[in-house]
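Chain letters run A, B, ... following the sequence lines, proteins first and then strands; every chain starts at 1. A quick note: this is a predicted structure, and the numbers were derived from the prediction, not measured.
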Amino acid sequence: METIVVYLDNMFASLPKKPELEHLKQELLFGMEEKYHELKRDGKSENEAIGIVISEFGNIEELTAELGIHPVESEQVVKVPVLTEEEAYTYVAARRSWGLWTGIGVFLCACGVALLIGLDTLFENKNTIVADKGSMLGLVGMFMLVAVAVGMFIYSGMKLERFKNLEQGFQLPYALKASLLRSQALYAPTYRLSLITGVCLCVLSPVFIFATSYVNDDFTPYGVVAFLVIAAVAVFLFIYYGNIQGAYTKLLEEPKVTAQKKEEDRFIGAMGAVLWPLATVIFLFTGFVYQRWDVNWAVFPIAGILSGMFSNVYHILKRKNVS
Amino acid sequence: MISSDVIRGYNDTLILYMLLDGESYGYEISKNIRQLTQEKYIMKETTLYSAFTRLEKNGYIESFFQDESLGKRRTYYRITRLGLAYYKEKCEEWKVTQEVVNQFIREW
């Protein structure tokens, strides 16, 4: 039901805010709601009902032409390339594949760290030679997984490379915009479910650390391993499903927003470029020099929180400047 | 399913017909059209409401609010005398159109 409201909102988004249009939108919503409820009553599934209602909506230009209303054009009309349907959908597919490979890569990195901690603990209580071999095995395993992950990052990054020119701005033909809005609306429930699942996993994951340390302090590292793997699954969900959503958002975002966002993205990108390698250096340094593999993994969650904090502070400062 | 292009000139006639026997509102009209044509023609939402706008502007129909349950306020439409005259005109026009086009239809 919410999907229909969002769809209608999007259809009216580019139109001027006039009382007659608000009234018309309300009337359309009543009609669509009623149709939706009847379809559900006839035994159609949620998706089918929404699909039918949206496909029978028609063409908003038909209405605006009758009312003599024209969509609000942005003041400076810049010459930007018009996106074809094929390009748009290849972009969505590329983002999906990028999300999949990057998600798996991140998951493998986390598994690598988990493997290291796991093996290290497993062989800890044996004699020195075995313990050393265990740590060695863990390290080799971790670096192998990280190497595979880096390969995936590069591979997926290259696939997205050809869409670099989208950053320069683009135009969407009307029919394509409508079809993308429809796809986005149908995708919304999946996205929401994946977000909820991811957040739940994130919230639940530390439970393993507490539980294992409650049972026996020696088991805590295994709790950490479980925590890392569960959190990695959550991160995978965020990256994969977030990227599909991101593709739609990117294609449908207003040109005006793009310029402002570009600056933001640049800042966040620059910050990430410093923060994450730094975290990795600290991780490896404390590991190899001080042998503190047991606690130093915490540098990554901390870096994650810091990166979130920086970007929020940046947003707040930016908004202050505007007002 | 017939395409909306073919029937374009007669959407208004369809809606006026649905109002001949009394007032009605958007969804009811579109539902009745769907049932009457055995789902061979489904009027799109935007087609329906642009027709309402056009018909009201020409004085063929008039709208009024009626409160529904749950605090909803729905717009109802009724046909005017002018609208009835226009409807009859369209019926005549259709008869001629049908005759003309039929001249060019060969039964196979």
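Residues of residues 86-108 of chain B placed with any heavy atom under 4.5 Å of a heavy atom in chain A are absent; none qualify.
Heavy-atom neighbours of Y17(B) OH from other residues, nucleotides or ligands within 6.0 Å: at or below the threshold of 12.
With a 4.5 angstrom heavy-atom cutoff, L24(A) touches chain B only via side-chain atoms.
For the options L28(A), V53(A), L63(A), L67(A), heavy-atom pairs under 4.5 Å to chain B are most numerous at L63(A).
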To see if you've got the definition right, give the donor-acceptor pairs under 3.5 angstrom between chain B and chain A.
residue: Y25(B); atom: OH; partner: E34(A); partner atom: OE2; Å: 3.0
residue: Y27(B); atom: OH; partner: E38(A); partner atom: OE1; Å: 3.1
residue: K31(B); atom: NZ; partner: E38(A); partner atom: OE2; Å: 3.1
residue: R34(B); atom: NH2; partner: E56(A); partner atom: OE1; Å: 2.7
residue: K44(B); atom: NZ; partner: S55(A); partner atom: O; Å: 3.1
residue: E45(B); atom: N; partner: E56(A); partner atom: O; Å: 3.0
residue: E45(B); atom: N; partner: F57(A); partner atom: O; Å: 3.2
residue: E45(B); atom: OE1; partner: K35(A); partner atom: NZ; Å: 3.2
residue: T46(B); atom: N; partner: F57(A); partner atom: O; Å: 2.9
residue: T46(B); atom: OG1; partner: F57(A); partner atom: O; Å: 3.3
residue: T46(B); atom: OG1; partner: N59(A); partner atom: N; Å: 2.9
residue: T46(B); atom: OG1; partner: N59(A); partner atom: O; Å: 3.4
residue: T46(B); atom: OG1; partner: E62(A); partner atom: OE1; Å: 3.0
residue: T47(B); atom: N; partner: E62(A); partner atom: OE1; Å: 3.4
residue: T47(B); atom: OG1; partner: E62(A); partner atom: OE1; Å: 3.1
residue: T47(B); atom: OG1; partner: E62(A); partner atom: OE2; Å: 3.2
residue: R54(B); atom: NH1; partner: E66(A); partner atom: OE1; Å: 2.7
residue: K57(B); atom: NZ; partner: E66(A); partner atom: O; Å: 3.1
residue: K72(B); atom: NZ; partner: E33(A); partner atom: OE1; Å: 3.2
residue: R74(B); atom: NH2; partner: E34(A); partner atom: OE1; Å: 2.7
residue: T75(B); atom: N; partner: E27(A); partner atom: OE2; Å: 3.1
residue: T75(B); atom: OG1; partner: H23(A); partner atom: NE2; Å: 3.4
residue: T75(B); atom: OG1; partner: E27(A); partner atom: OE2; Å: 2.5

